[in-house]
2 protein chains.
Amino acid sequence: MAKSTTYLTNSKCKDCINYPNCIMSLLNNNEQNIASKYKTTNKYKKGQAIFNEGFTPYSFYCILKGNVKLSRIGGEKIQILRFAKSGDIIGYRSLIADENYSTTAIAISDTTVCSLPKNIFLDELIYNSELSLKMLKQFAVELKQADELIINLTQKAGVKRIAETLIKIKDFYGQNDKTNALNISFSRNEIASIACVSTESCIRMLAELKKQGVINLVNREIQINDFPKLKIIANSK
Amino acid sequence: MAKSTTYLTNSKCKDCINYPNCIMSLLNNNEQNIASKYKTTNKYKKGQAIFNEGFTPYSFYCILKGNVKLSRIGGEKIQILRFAKSGDIIGYRSLIADENYSTTAIAISDTTVCSLPKNIFLDELIYNSELSLKMLKQFAVELKQADELIINLTQKAGVKRIAETLIKIKDFYGQNDKTNALNISFSRNEIASIACVSTESCIRMLAELKKQGVINLVNREIQINDFPKLKIIANSK
DNA sequence: TAAAAAATATGATATAAATCATGTTGTTAA
DNA sequence: TTAACAACATGATTTATATCATATTTTTTA
């Protein structure tokens with residue numbers, strides 16, 4: 001896979017399209033000056049890795065524009081664990097834990113990412129309590145979500161996990177108002193890796209949901225027809 | 001289940017048996033004074049809940065002495081997610097996320113817990129950057145562990161998960177030097193809830209490990225004879 | 001625009017582990 | 001010290017879903 005393209009810019013967070021939603025909007029003027037001085041901006045094509053499991057982290061990443069999946073390998077199979085989109089941050093867990101990356105981040109659409117050197121970010125955490133508190137909250141929510149994923153993946157039947165997965169994608173990335181198609185399209189194999197089923201089972205389960213009239217499958221694209229029913233399926237015993 | 005017994009003490013963290021290992025050792029003199037003024041100490045019998053999933057949190061908890069399991073219900077089954085012991089803190093996730101408890105904490109041996117009112121703890125987080133940074137690190141490690149649990153529970157075969165569970169208990173709570181028995185004993189049903197298998201399967205798999213000479217089952221007590229082999233089993237494909 | 005490759009689809013079979021059933025052992029309480 | 005109960009144990013059966021096999025469709029590339 002080709003290397004990402006690097007762009008050097010001096011733009012500040014307060015002028016970013018994600019301001020004030022991005023967590024880095026909490027930097028004060030001085031911190032923003034430092035950040036803009038040291039940050040680089042990189043473009044990743046769909047499918048390119050931003051960082052890889054097992055590698056040493058040197059940077060903190062902000063998604064300027066685009067979408068990312070975070071996954072982890074366990075022997076043979078890949079498990080997709082969570083997602084990120086414009087304005088989200090990635091790669092901070094390893095920096096804060098002072099460990100190598102425990103997940104792999106891959107662009108699921110063409111994605112532009114701002115990178116900040118490790119120590120600049122860690123310094124900001126020390127001196128900006130608003131930032132560190134926001135980070136604490138981010139972790140607290142993520143930890144709950146990880147716990148929920150454990151319960152969902154281990155205690156729900158396959159079709160329910162597929163339903164849950166479609167809900168997750170719709171809630172996070174949205175859907176087309178007219179066609180009801182999911183804004184970000186995943187292959188059957190990817191959906192399987194989110195729901196933790198085999199690709200074949202995933203295909204069968206999607207077919208089952210289609211048969212029940214909950215979704216529509218048009219040219220590999222998934223349209224959610226009956227979102228309430230999808231929720232009922234995902235949450236039923 | 002009977003209510004916990006409450007004791008009021010004015011002792012400070014710096015005089016605690018867990019000093020300086022407990023994260024609260026990072027409080028400065030003034031903060032320790034405030035903490036000692038507002039904190040209460042409670043004793044929980046084995047099996048008693050310290051807090052329950054779904055309830056609103058009002059306190060931050062430090063385990064003065066004892067052991068705790070953190071679990072979560074998913075429909076029918078209970079999944080044990082992690083453990084805590086003397087010097088560990090619990091209940092902070094919900095406080096920081098400003099959400100109800102997402103897990104239940106139950107004493108797995110007689111346990112004494114210090115409680116600090118929610119706002120005292122949250123204030124300390126704001127003003128003590130050393131504390132908030134340590135909390136960030138705690139979250140970062142816990143999040144990785146949650147991710148690892150996802151992979152282990154969804155991708156490893158039952159026996160391997162049982163082996164993994166025994167390793168986890170041994171590493172976290174230790175084992176008796178002479179008998180090789182685990183320091184904290186769990187019922188078969190609890191081990192099943194950690195490894196995410198049925199109780200019957202858990203029993204069968206323990207029997208299998210015994211047959212292989214890796215462990216010994218004496219009066220419901222589990223002794224680890226061959227730890228290296230247990231690790232090999234847990235990590236083999 | 002044909003050929004190759006990748007993704008989707010579907011049927012048949014295998015399998016790990018849950019569930020159900022019943023029995024045994026160990027612990028608690030009358 | 002026996003009865004009652006809970007925990008542990010083991011066999012038989014069922015079930016969900018993975019795996020294997022083979023098509024079909026769509027996309028990519030030569």
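In what follows, chains carry the letters A, B, and so on, assigned in the order in which the sequence lines appear, proteins first and then strands, with residues in each chain numbered from 1.
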**Asked** Under a criterion of less than 4.0 angstrom to any heavy atom of chain B, what are the 5'-terminal and 3'-terminal contacting nucleotides of DNA chain D?
**Response** D:dA7 to D:dA12
**Rounded to 10 degrees, the angle between the two terminal axes of the helix from C:dT1-D:dA30 to C:dA30-D:dT1, each from five pairs** = 50°
**Complete:** In short, side chain to side chain donor-acceptor pair (under 3.5 Å) pairs touching residues 49-61 of chain A with sequence neighbours left out are A:T56-A:N100
**Set of residues satisfying salt bridge (Lys or Arg N to Asp or Glu O under 4.0 Å) with respect to A:D98, sequence neighbours excluded** = A:K118
**Request:** Would you jot down, in residue-number order, the residues of residues 156-165 of chain A having a non-hydrogen atom under 4.0 Å from DNA chain D?
**Result:** A:A157, A:G158
**Request:** Strictly below 4.0 Å, heavy-atom distances to any atom of DNA chain C: list the hits from residues 179-191 of chain A, or just say none.
**Result:** A:S187, A:R188, A:N189
**Item:** Partners meeting salt bridge (Lys or Arg N to Asp or Glu O under 4.0 Å) with B:E200 (sequence neighbours left out)
**Value:** none
**Fill in**
For A:K160, the salt bridge (Lys or Arg N to Asp or Glu O under 4.0 Å) test, sequence neighbours excluded, returns none
**Message:** Just to be sure I understand the geometry, which residues of residues 197-209 of chain B put a non-hydrogen atom under 4.0 Å away from DNA chain D?
**Reply:** B:E200, B:I203, B:R204
For residues 205-224 of chain B, which side-chain N or O atoms pair as donor and acceptor with protein atoms under 3.5 Å away, sequence neighbours left out?
unit_1 : atom_1 : unit_2 : atom_2 : d
B:E221 : OE1    : B:Q223 : NE2    : 3.3

**Within residues 89-115 of chain B or reaching into it, pairs that qualify as ring-ring contact (aromatic ring centres under 6.0 Å, His included) - sequence neighbours excluded** = B:F51-B:Y101, B:Y92-B:F139
**Prompt:** Under 3.5 Å, is there a donor-acceptor pair between the B:T104 and B:R72 side chains?
**Reply:** no
**Prompt:** So does B:K65 have more than 12 non-hydrogen atoms from other groups sitting under 6.0 Å from NZ?
**Reply:** no
**Prompt:** Rounded to the Å, how far apart are A:R220 CZ and C:dA5 P?
**Reply:** 17 Å
**Prompt:** Rounded to the nearest Å, what distance is computed from the CG atom of residue B:N219 to the C1' atom of nucleotide C:dT25?
**Reply:** 10 Å
Exercise answer: donor-acceptor pairs, residues 79-86 of chain B side-chain atoms, under 3.5 Å, sequence neighbours excluded:
unit_1 : atom_1 : unit_2 : atom_2 : d
B:Q79  : NE2    : B:S193 : O      : 3.0
B:Q79  : NE2    : B:I194 : O      : 3.1
B:R82  : NE     : B:E142 : OE2    : 3.4
B:R82  : NH1    : A:D147 : OD1    : 3.4
B:R82  : NH2    : A:D147 : OD1    : 2.9
B:R82  : NH2    : A:D147 : OD2    : 2.4
B:K85  : NZ     : B:F172 : O      : 2.6
B:S86  : OG     : B:G66  : N      : 3.1

**Prompt:** Is there side-chain contact between B:R161 and B:V197, with heavy atoms separated by less than 4.5 Å?
**Reply:** yes
**Minimum side-chain heavy-atom gap B:I162-B:C202 below 4.5 Å** = yes
**Prompt:** Do B:V68 and B:I108 have side chains that get closer than 4.5 Å, going by heavy atoms?
**Reply:** no
**Intermediate values then yes/no, side-chain hydrogen bond (donor to acceptor under 3.5 Å, both in side chains), B:K39 and B:S11** = CA-CA 9 Å; B:K39 84 163 197 288; B:S11 61; 3.2 Å; yes
**Request:** Classify the side-chain pair A:T111/A:K45 by whether it contains a donor and acceptor separated by less than 3.5 Å.
**Result:** no
**Prompt:** Are the side chains of A:F227 and A:D171 in touch, meaning some heavy atoms are under 4.5 Å apart?
**Reply:** yes
